[in-house]
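Heads up: the structure comes next, in structure tokens.
All values derive from a computational prediction rather than experimental measurement. Whatever order the structure lists ligands and atoms in, that order sets their numbers, starting from 1. Residue numbers run from 1 in the order of the sequence given.
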Amino acid sequence: MSERAVEQKLVSEVKKRGGLCWKFVSPGIVGVPDRILLFKGGVIAFVELKDKGRKPRPIQVKRIELLKKLGFKVYVIDDKEMIGGVLDEIQST
Ligand SMILES: [Mg+2]
């Protein structure tokens with residue numbers, strides 16, 4: 001299962017739930033999460049997508065920890081099967 005396939009599924013699932021799943025790029029800052037998820041009510045979360053079984057690179061882990069320290073939810077998804085549970089959790093806040 002490729003990162004691209006997981007990403008496509010995530011984008012369509014978020015859309016189905018009425019949210020936004022924008023690609024997240026921050027010029028000059030490498031390793032930021034791939035997607036920023038926005039839901040009604042000011043709900044925000046970040047997602048780092050990986051090929052199945054792959055872990056985030058050290059710089060990606062650093063960015064994830066930084067965002068978490070600021071209180072944001074950040075998820076690493078490497079399997080389509082994880083998507084429903086992650087979105088449920090994001091939306092339950
Ligand atoms: Mg990625």
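- At a threshold of 4.0 Å, the pair Arg17-Asp88 counts as salt-bridged, since one of the basic side-chain nitrogens sits closer than that to a carboxylate oxygen.
- Between Glu3 atom OE2 and Glu48 atom OE2, the angle centred on the Mg ion (ligand 1) amounts to 160° (nearest 10°).
- Of all heavy-atom pairs between Asp78 and Asp51, the closest is CB-O, 3.6 Å.
- For the Mg ion (ligand 1), the set of nearby N, O or S atoms under 2.8 Å includes one belonging to Leu49.
- Side-chain contact between Tyr75 and Met82 is absent, with no heavy-atom pair separated by less than 4.5 Å.
- No other N/O/S atom of Asp34 lies as close to the Mg ion (ligand 1) as OD2 does.
- Look at Arg4 and Glu7 and you find a salt bridge, because one of the NZ, NE, NH1 or NH2 atoms lies within 4.0 Å of a carboxylate O, short of that distance.
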